[in-house]
Amino acid sequence: MDNNDMLFEAICAGKKEQAVSAIKDKIDENADPLGILNNIMIPAMNEVGEQYARNEIFLPSMLISARAMQL
């Protein structure tokens with residue numbers, strides 16, 4: 001699993017420490033921070049929102065994922 005997938009999955013699962021680690025790895029690879037946000041982090045939260053809309057997850061899980069976005 002590459003860093004993009006790790007970051008996406010970490011945010012969806014609400015695993016803040018893993019998200020921070022994946023972002024640091026991406027920055028170390030000279031990735032564009034705005035690109036990380038627009039191409040990985042926001043789509044991850046969109047996925048979480050879609051899961052919530054389909055009643056696959058509940059509000060607490062969505063909030064935990066949002067907390068993983070706060071770096």
Side-chain angles (χ1 to χ4, degrees):
M1 180 180 298
D2 70 356
N3 284 337
N4 292 351
D5 293 336
M6 285 183 7
L7 177 55
F8 187 91
E9 293 299 323
I11 291 171
C12 288
K15 297 179 180 178
K16 186 173 185 170
E17 295 83 20
Q18 289 179 355
V20 169
S21 177
I23 289 171
K24 286 181 181 178
D25 289 345
K26 295 292 293 172
I27 297 296
D28 289 345
E29 295 170 1
N30 295 319
D32 175 39
L34 189 58
I36 295 169
L37 180 66
N38 288 331
N39 299 322
I40 304 168
M41 298 176 75
I42 291 174
M45 284 307 298
N46 287 339
E47 173 63 25
V48 170
E50 290 172 12
Q51 289 175 356
Y52 178 75
R54 293 188 305 260
N55 293 320
E56 294 175 359
I57 62 171
F58 298 102
L59 185 61
S61 296
M62 190 168 67
L63 294 174
I64 290 169
S65 293
R67 197 173 295 162
M69 291 273 293
Q70 297 175 339
L71 305 174

side-chain contact (heavy atoms from CB on, under 4.5 Å) partners for Ile27, two or more places apart: Ile23, Pro33, Ile36
Partners meeting side-chain contact (heavy atoms from CB on, under 4.5 Å) with Ile42 (sequence neighbours left out): Leu37, Asn38, Asn46
Quick one: pull up [atom1] in [X] and [atom2] in [Y] and give me the separation to the nearest 0.5 Å.
X	Y	atom1	atom2	answer
Met69	Met41	CE	CE	4.0 Å
Met45	Ile11	CE	CD1	8.0 Å
Ser65	Lys15	OG	NZ	11.0 Å

Same apolar cluster (I L V M F W Y, side chains within < 4.5 Å links), Val48/Leu59: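 The answer is yes; both residues are in one hydrophobic cluster.
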Shared hydrophobic cluster, Ile64 / Ile57 (ILVMFWY, side-chain heavy atoms < 4.5 Å):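 As far as the 4.5 Å side-chain criterion goes, Ile57 and Ile64 are not connected within one cluster.
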Anything under 3.5 Å between a donor and an acceptor, one on a side chain of residues 2-10, the other on a protein residue two or more places apart or in another chain? List them.
| unit_1 | atom_1 | unit_2 | atom_2 | d |
| --- | --- | --- | --- | --- |
| Asp2 | OD1 | Asn4 | N | 3.4 |
| Asp2 | OD1 | Asp5 | N | 2.9 |
| Asn3 | ND2 | Glu29 | OE2 | 2.8 |
| Asn4 | OD1 | Lys26 | NZ | 2.7 |

Residue pair Cys12 / Ala44: nearest heavy atoms and the distance that separates them: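 For Cys12 and Ala44, the tightest heavy-atom pair comes out as SG-O, 3.7 Å.
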Residues in side chain to side chain donor-acceptor pair (under 3.5 Å) contact with Gln51, at least two apart in sequence or another chain: Glu47
Partners passing side chain to side chain donor-acceptor pair (under 3.5 Å) against Glu56 (at least two apart in sequence or in another chain):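 Side chain to side chain donor-acceptor pair (under 3.5 Å) check on Glu56 returns Arg54.
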